[in-house]
Every structure is written in C-alpha cells, then in structure tokens.
Amino acid sequence: MIQSSPSKPISARKGKGKITNHDYDDLRPTITYRHILSQNLGVRDPLRVIALCDSDAFYAACERVRLGLDPSAPLVVQQWESLIAVSYPARKYGISRMDKVKDAKKKCPNLVAVHVATYKEGEKEPGYWEDIDTRTHKVSLDLYRRESSKIINIMKQSVPSGEIEKASTDEAFLDLSRPVRERLLERYPYLAKLPDDAPEGADSPLPPPPPIDWSQLGELVPLTAQGEESKPQDEISYENDHLTSWHDVALSIGAELVAKLREEIFRQLGYTMSAGIARNKFLAKLCASYKKPNSQSILRNNAIPSYLRPMPFQKIRFLGGKLGDALAKEYDVSTVGDLLTVSLDEMQNKFGENAVWVYELLRGIDASEVKERTALFKSMLASKNLPKPITTLDDGQHWIRVLAAELALRLNDAREEVPTLWPKTIVLHARKGYETSRSKQAAFPFTKDVSVDVIASAGNKLWKELVGDATNVNVTNVQLAFTGIETTETGQQSIDAFFKTKDVQRQPLKRSRDYNEELSRSESDGREKKERSWTSFVCDRCQIRFALRDDQLDWSDDERARALATLQQEHQDFHFARDLENGSLPQKTGSSSRPASKRGRGAEPRGIAKFFGKK
DNA sequence: AACCGGAAC
DNA sequence: GGGTTCCGGTT
C-alpha cells in the first residue's frame, strides 16, 4: 500500500536533491572497436537502434482503402453509436473518439461514417450491412487484423535481418541494430579494421564520426524542448554539446531503413505510418508521437534529457495506470524531471520490484528486448454484450454459434501463417444480469479441422454447465475463448513424439489427433536414436516439421539427404506461390522468422550439407 | 479450473 | 470513455 508522504520540499528528501549530469552518463558511452566488431548485439549495445512503427488512424485507413476513398476524405469508423477511429482529416473538424456519430456529423456535414463489419445472423462471413442492430449483430475486426498482418509481412521483407515484434494491430517494434550495423561497416569499412597503433587495442574509441545530413531523414527531436523553462545554473547544459556520435550515425541509418519501409507500405497498401527511432523501445514508442501523422521522429541520445524532463510521466507506457497514479500521488508531481530527484533507495522502499525499472526509464534506459513471438497470441476471445439479454436456450445457442464462427475464422486465419497452432482449452464466460461474469472451461479437441460446429458444440456443452437449461435465464454478456494456444513445435520432445511415426510428411496435422498418446508413449519409450534428427527439418517460416517416410529411413545418408533437400525445396516453392497469391513479394529463400541471434551468418551449412553437420 | 485485476488501444 | 483483447497472478 502506498502512503502519501507529507509535503517535504523535494530537495530536503533523502537521496539526491539535484539533477546532475551523472544521471545521464549512460547516454554518452564511449564507443569502441570492440563494440562495433562484436557480433553479439545485446540490449546494452551502445549502437542499438530501435523503431516503433504505428499506423495512422488505422481502422479509419483500412476502411478508406477498402472503399477506395481519397485520403483527404474526413472519415470515422463507428461501432454502434460510438466512434472507434477518426481519420486525421476528420480530426481537423474537431471530431474526437469520444463523440457520438450524431455530434461528429454536426461538426462535419460531409463526414463519411462507416460502421465496422459485423457478423449477422445467418451469414457466414462478416460484412457491411444496411440494418445494423446491436441486438442481432456482432462486430468483426477481421479486416484490421488481416491488413495488420500484411503490414508486418512487408516489414519482414523490407528489413530481413531486423527483429520485429508486433505490439498490437497497428503497432510494431523493430530492432534495426543488425541491419544498421551491416550498413555501417559497408559505408565506413575502416571501422572494421582495428588500427595497429590503437592505444588500447579493441577498447580504443572509434575515430570521429562523419557529419550527418538529417534533412531527409525525418523530424529530429530538438535538443531543447519547446516551452521549457531555462534551467538552473548547476545543471549541465547539453545545448552546447553538438558532438555527433557514432550512435547518431546508426540512428540516421535506422531512419533511412524506416523511411524506405514506410514508403513501401504506402506503395503496396496505401497506409501511412508514423514512427519513432531511438536507442530503446520505450523511447522509440514515446517519440513516435512527436509528430503525426505520416512522419518519423528521431530521438538522439543528446536530446533525451531535454525531451524527457518536461514529459508528463503518465504518458509513458506502463506508467499510464495505477503505478503512474501512485507515483504522482506519492511525490505530488507530474513530470519526469520532478521524479529525477527521487533516489533509487527511496523508490525501492516505496515501490519495491518496479523501482529499478522506473528509475532507469526516467533516465532514458530500457533494456527490454524486441522479440518476435512464434505464436502471435496465447488466447483468442470473442465477446458480445447483449443490451437485450438472452432468455432462452435457443438464444444462447445462437450467440454461441456466432462467437464460434468468429473464433473459427480467426484461428484458421492464423493457421495460414502458423499451421501448427493449437488451442488447448476453450472457455465460456457468461454474465447474468448484473452479477459478475462466471466461466467454465474444457479441453479443446485436437483437430486439424477446427470448424464452427466443433467450437459451437463445445461451447454449448459449457453453456449447459454454466447457465443450465432453465427457461428463464437472463444473460447480458457472453464470451467464448481459446486459451493456451501454442505451436506443436514447443519443446524438442513433443516434436520427436509428434513425428516419430509414419508418413507425417507434408501433413503433420492430419494425424496429430494422437498427439497426447504419442507424447506420453515417447516419454516412456526412452531415448530416440540420434539419427532421427537427420530425417526431418522444421520450416523457418511456418514452424512445421517435415519428416521422411518410414520406408526412407534406412536409405543411405546421401539418399536421405537428397530426399530431405527435395522435400525442403517443394515446401519453399509452396511458400513462394502463396506469397505471390497474397500479393506480397515472396520472401527470400531461407529467410527466417527466428530470432537473428540464432540465425547463422554464413556459418550455418546450407542445402544438403545442413543435414550432415556434427550432431 | 475458476476467478481477478491491470493495461493498452 | 466503454468495449475489446490480452496477460499474469492467485486460490
């Protein structure tokens, strides 16, 4: 529990009373040959470059593109009577998300108001209907999910050696450290060679960086924040420090990459994006909103203190909630600068676990990684509020079917990318009247074909447990969800178990019904022969393992390798064809969705050789 | 297995 | 500001 402290003057508090240059030491590291030559790009890499890309008014943009409207058209997306997205042209009329459709139209008579797609009774797919009624329809966000994944795919193609983490439907983080490093060494080859007379060997600082022309690269967050008061004398002034660092060069290269990527997305899909480019995720996210829309902002290390200091800290990701409130109350302050005077000790006393993390954030430090997840999500939920409550079993079955249809569509959609996705459990939530919602769950059958019927019947079973079949129920909210979604790829044992037998090649899911039996059997069987690892491979892109047939297993090493190589080639062709179908450029052969850290840099054997390495 | 609460958009 | 979605922790 956080107690509010008496209003002591901050400077009299325990710990530092002054903001000193020491607080920002981390922002001006000496960059050495060891740094640039190191192949381990960690979160402490002083040349780290992270970007956050964010679609402008995404839902509105999706509808605008779908309808083939001019980008300048003022457009809003509505859900029932409220707005869920407002295009930038519409914002010029003073329309905001909090307005009702009626008010918005008053502000802008020629406003285009599009209702989100909905599932409608009797229709299999979501669509745009005339008579939309919250009592009979259920909103569908599928269009936005689909467009979102197209964007991610373009990003992957645009910076193949970068890391990408989809953060939400309209946002993604990119770790550009590796692609930036590649270009840095290309352009300044002298960095790759440690001078013979380097005084401290690899720990010698790099030579001075070249000047940078920022003019085409985006918006530089200025060294002095606008409207900031002049600072006390005892603070170190960063305004005079215009020394460019190699990290700035890295940022500028990152900015080039992001600019290219944004252009590509606009060219292929018509969406404009805003981006932030900085040394870590937190700052990239924060500075992305420096200028919007259709713009990218660059935050150099030197500009961090003046940018951060006047910033209301509750704007910072994860400080927008209770923790931020608690901090504001505890110290009766609102900006980052205000909190710099609080010592780490003091913060730890009051905020325990979160203290170090917050303390570092305030100083522009954030070690969190950009990590792409193979399974994009761990659960999937469809929910419906019912202004007109369900009273009969029939009604209940109807809505469960609607929710089931949505889940089926979404899961099967997701399986196009990752075919081995498997939801372990299904959960039904129901709220009766004003009571809090209750839930029931059950194991979800492992089937390749996840149909509406399978989901609906599982849902109905749970409904009976949860609501019963009384004639006079009064349900105001229903939610149906998959949880525990995983790829069958997790864990080497499960793979071995899964593919141990028979002709799994090309259709591993078909026989995956026996997954659990297989798994337990293999564990009691004991160790598999090592050769097994020469008889299959896992596709980088879809995570499926492909294995030779049983009758191929006692072929010679050479024959097996050829068979595997053929299998692999066929599968790559499949991806190639599907990429084209999807309207995106095919990904480079062998390009991978695995973390770059695990990716070979030419060291990994290729083709057939891959299957004859040491094992 | 059921429930709860936090957070983001 | 509310609805939707996701996540992690607790019992």
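Per chain, numbering begins at 1; letters A, B, ... match sequence-line order.
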How close or far is atom [atom2] of [N] from atom [atom1] of [X], stated in whole angstroms?
{"X": "A:Asp54", "N": "B:dC9", "atom1": "CG", "atom2": "P", "value": "8 Å"}
{"X": "A:Lys281", "N": "B:dA8", "atom1": "NZ", "atom2": "P", "value": "13 Å"}
{"X": "A:Asn385", "N": "C:dG1", "atom1": "CG", "atom2": "C1'", "value": "14 Å"}
{"X": "A:Leu83", "N": "C:dG1", "atom1": "CG", "atom2": "P", "value": "15 Å"}
{"X": "A:Glu171", "N": "C:dC6", "atom1": "CD", "atom2": "C1'", "value": "14 Å"}
{"X": "A:Asp170", "N": "C:dT4", "atom1": "CG", "atom2": "C1'", "value": "14 Å"}
{"X": "A:Glu81", "N": "C:dG3", "atom1": "CD", "atom2": "C1'", "value": "15 Å"}
{"X": "A:His429", "N": "C:dT4", "atom1": "NE2", "atom2": "P", "value": "14 Å"}

By the 4.0 Å heavy-atom rule, please label [X] as base, sugar-phosphate, or nothing.
{"X": "A:Lys285", "value": "sugar-phosphate"}
{"X": "A:Gln79", "value": "sugar-phosphate"}
{"X": "A:Arg97", "value": "base"}

Which of the following nucleotides, [options], is nearest to the side chain of [X]?
{"X": "A:Lys440", "options": "B:dC9, C:dT5, B:dA2", "result": "B:dA2"}
{"X": "A:Lys378", "options": "C:dC7, B:dA2, C:dT5", "result": "C:dC7"}
{"X": "A:Leu323", "options": "B:dA2, C:dT5, B:dA7", "result": "B:dA7"}
{"X": "A:Gln441", "options": "B:dA2, B:dC3, B:dC9", "result": "B:dA2"}
{"X": "A:Arg410", "options": "B:dC3, C:dG1, C:dT5", "result": "C:dT5"}
{"X": "A:Thr436", "options": "B:dC4, B:dA1, C:dT4", "result": "B:dC4"}
{"X": "A:Lys322", "options": "C:dT4, B:dG5, B:dA1", "result": "B:dG5"}

Worksheet item: Quick one: is A:Ser82 getting a side-chain N or O under 4.0 Å of the C:dG2 phosphate, OP1 or OP2?
Response: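 No.
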Worksheet item: Is A:Arg317 near enough to B:dC9 that one of its side-chain N or O atoms lies under 4.0 angstrom from OP1 or OP2?
Response: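 So the side chain of A:Arg317 is outside the cut-off, no N or O lying under 4.0 Å from OP1 or OP2 of B:dC9.
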Worksheet item: Is it the case that A:Arg262 places NZ or CZ above or below the six-membered ring of A:Phe266, under 6.0 angstrom from the centre and within 45 degrees of the axis?
Response: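 Output no; distance or angle outside limits.
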Worksheet entry | Cationic tip of A:Arg410 above A:Phe482 ring, under 6.0 Å, 45° of axis |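 No; the conditions do not both hold, so A:Arg410 does not lie above the ring face of A:Phe482.
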Practice prompt. May I ask you to say whether A:Asp56 pairs ionically with A:Lys292, meaning some side-chain N is under 4.0 Å from a carboxylate O?
Written response: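 Salt bridge: no.
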